[in-house]
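Quick note: numbers below take in every heavy atom, side chains included, and nothing from hydrogens, waters or symmetry partners.
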Amino acid sequence: MSGRRELAPIVFRVLGGLLLAYLVVPLIYLIFRVGWQETASSLANPRTIRAIEVSLLTSFISVCVMTLFGVPLGYLLARPGLKGRQLLVSLVFVPMALPPLVGGVLLLLVYGPYGLVGALFEKQGLELVNSLAGIVLAQVFVAAPYVVIACISAFGRVDERLEKASAVLGANQWRTFRKVSLPLAWPGIMAGVMLAWVRTLGEFGATLVMAYHPNTVPVFLWVQLTSEGLTAALPLALFLVFLGLVAVCAVYFFGQFTTTDSPQKRM
């Protein structure tokens with residue numbers, strides 16, 4: 001029996017190591033495979049610069065929208081007494097379970113020129129498809145769940161006794177939220193916001209359907225891959241990988257604060 005117990009950790013290490021290698025090797029190989037001179041030349045290309053500008057601008061707008069609406073929704077869904085809470089949380093998860101192309105089709109159905117909402121804008125001479133607005137709509141649809149779920153988790157870790165103490169001292173619900181709940185939950189919220197930000201930067205499927213033009217970085221990467229081949233796409237892939245690593249580091253940074261400030265640690 002003791003031999004079997006000692007064998008199990010070895011098997012787990014081998015299996016886990018194989019999966020880890022599968023995930024990490026392509027990232028490492030990309031660094032050695034890409035030509036740095038070609039990368040500098042590609043990133044200096046006006047079309048590449050334009051795609052980066054579009055991605056950064058739309059992702060910033062999307063993050064602001066997701067934070068503005070996602071934090072209140074996450075706060076409400078974190079309250080255990082809310083009726084229909086489980087159903088509402090499940091609905092938040094749905095966009096994450098859909099293929100991105102399906103999300104784009106659904107958005108096109110509603111916000112396209114003949115859609116339920118898009119037709120109203122079309123009458124006013126405002127087109128949501130193939131515009132910055134279309135890109136933002138696609139990004140928010142696929143990435144907002146990350147913010148909401150992070151908020152649910154972050155607000156759920158706030159010690160209720162602190163909120164009750166604030167109420168006992170005469171603070172109303174808004175003041176308690178602003179002075180107690182939000183500051184304690186903020187590191188966890190920011191971790192979700194960073195994940196959502198990098199998700200918006202990497203969004204391809206829904207954006208391709210809603211707004212092929214102007215090109216975001218992922219769409220332009222696809223254009224380069226299909227028109228000029230794999231080598232032409234590598235610099236843009238490296239750029240997106242770099243942004244992903246920055247986001248992961250930020251999530252880890254905010255996660256450290258979340259762990260440190262948890263109710264269990266304070267007790």
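The structure places CD of Gln224 at 8.5 Å from OG1 of Thr226, a figure rounded to the nearest 0.5 Å. Between atom CG of residue Leu30 and atom CG of residue Leu240 there is a gap of 10.5 Å, rounded to the nearest 0.5 Å. Atom CZ of Phe220 is separated from atom CG of Asn45 by 5.5 Å, given to the nearest 0.5 angstrom. Distance check, rounded to the nearest 0.5 Å: OG1 of Thr176 to CZ of Arg178 gives 10.0 Å. Taking CG of Leu98 as the reference point, atom CG of Leu106 lies at 6.5 Å (rounded to 0.5 Å). Taken to the nearest 0.5 Å, the CG atom of Leu137 stands 11.0 Å off from the OG1 atom of Thr58.
Not one N or O on the side chain of Ser153 forms a donor-acceptor pair closer than 3.5 Å with the backbone of Ala150. The main-chain N or O of Glu127 is found under 3.5 Å from a side-chain atom of Ser131 such that the two form a donor-acceptor pair. Proximity of a side-chain donor or acceptor of Arg85 to a complementary backbone N or O of Leu77 within less than 3.5 Å is detected. Proximity of a side-chain donor or acceptor of Glu203 to a complementary backbone N or O of Gly205 within less than 3.5 Å is detected. In this structure, the side chain of Thr67 engages the main chain of Val63 through a donor-acceptor pair within 3.5 Å. In this structure, Asn130 contributes its side chain and Pro214 its backbone to no donor-acceptor pair below 3.5 Å.
Considering only heavy atoms from C-beta on, Leu56 stays 4.5 Å or farther from Phe60 through its side chain. You'll find the side chain of Trp197 stays beyond 4.5 Å of the side chain of Met66, heavy atoms only. In this structure, the side chains of Phe155 and Ser181 come closer than 4.5 Å at one or more pairs of heavy atoms. Between Val147 and Phe69 the shortest side-chain heavy-atom distance does not fall below 4.5 Å. Under the 4.5 Å side-chain criterion, counting only non-hydrogen atoms from C-beta, Arg33 is in contact with Thr231. Within the 4.5 Å cutoff, no side-chain heavy atoms of Leu73 are placed close to those of Cys151. In this structure the side chain of Tyr29 never reaches within 4.5 angstrom of the side chain of Val24, judged on heavy atoms. By the 4.5 Å heavy-atom criterion applied to side chains, Val209 and Leu107 are not counted as neighbours.
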* Can you check side chain to side chain contact (heavy atoms under 4.5 Å, CB included) on Leu101 and Val105, steps first, answer last? -> CA-CA 6 Å; Leu101 282 174; Val105 170; 5.6 Å; no
* Apply side-chain hydrogen bond (donor to acceptor under 3.5 Å, both in side chains) to Ser62 and Gln139, showing your working. => CA-CA 6 Å; Ser62 297; Gln139 291 176 345; 2.7 Å; yes
* Stepwise side chain to side chain contact (heavy atoms under 4.5 Å, CB included) check, Leu184 with Arg157 -> CA-CA 9 Å; Leu184 291 174; Arg157 286 195 298 268; over 6 Å; no
* **Check against side chain to side chain contact (heavy atoms under 4.5 Å, CB included), Thr39 and Leu234** => CA-CA 8 Å; Thr39 299; Leu234 292 181; over 6 Å; no
* What's the verdict on side chain to side chain contact (heavy atoms under 4.5 Å, CB included) for Trp36 and Leu238, showing C-alpha distance, side-chain angles and the deciding distance? -> CA-CA 10 Å; Trp36 296 103; Leu238 182 65; 3.5 Å; yes
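Between Arg79 and Glu160 there is no salt bridge, since no side-chain N of the basic residue sits under 4.0 Å from a carboxylate O of the acidic one.
Counting all heavy atoms, side chain and backbone alike, Leu221 lies closest to Ala237 at CD1-N, 3.5 Å. For Ala21 against Pro26, the heavy-atom pair with the smallest separation is O-CD, 4.2 Å. Of all heavy-atom pairs spanning Glu163 and Val158, the tightest one is OE2-CG1, 4.0 Å. Between Ser59 and Leu201, the shortest heavy-atom contact is OG-CD2, 3.5 Å. Nearest heavy atoms, Thr200 versus Ala143: CG2-CB, 3.6 Å. For the residue pair Leu108 and Met210, the shortest heavy atom distance occurs at N-SD, 3.6 Å.
Within 6.0 Å of atom CZ in Phe204, more than 12 heavy atoms from other residues, nucleotides or ligands are found, so the atom counts as buried in its surroundings. Under a cut-off of 6.0 angstrom, the local environment of CD in Glu228 is crowded, with over 12 non-hydrogen atoms contributed by other residues, nucleotides or ligands.
Taking hydrophobic clusters as Ile, Leu, Val, Met, Phe, Trp and Tyr residues chained together by side-chain heavy-atom distances below 4.5 Å, Leu126 does not share a cluster with Leu120. Hydrophobic clustering places Leu245 together with Ile31 (ILVMFWY residues linked when any side-chain heavy atoms are closer than 4.5 Å, directly or through intermediates). The cluster map of Ile, Leu, Val, Met, Phe, Trp and Tyr, joined by side-chain heavy atoms under 4.5 Å apart, puts Val11 and Tyr22 in different clusters. Follow the hydrophobic side-chain contacts under 4.5 Å out from Ile189 and you reach Leu68 in the same cluster. At a threshold of 4.5 Å between side-chain heavy atoms, the hydrophobic network of Ile, Leu, Val, Met, Phe, Trp and Tyr places Trp174 and Leu82 in one connected group.
The aromatic rings of Tyr75 and Phe177 sit perpendicular to each other, their planes meeting at more than 60°, with 30° as the lower class boundary.
Remark: of the listed residues Val219, Ile135, Asn215, Ile135 is the sole one forming a side-chain contact (heavy atoms from CB on, under 4.5 Å) with Val54.
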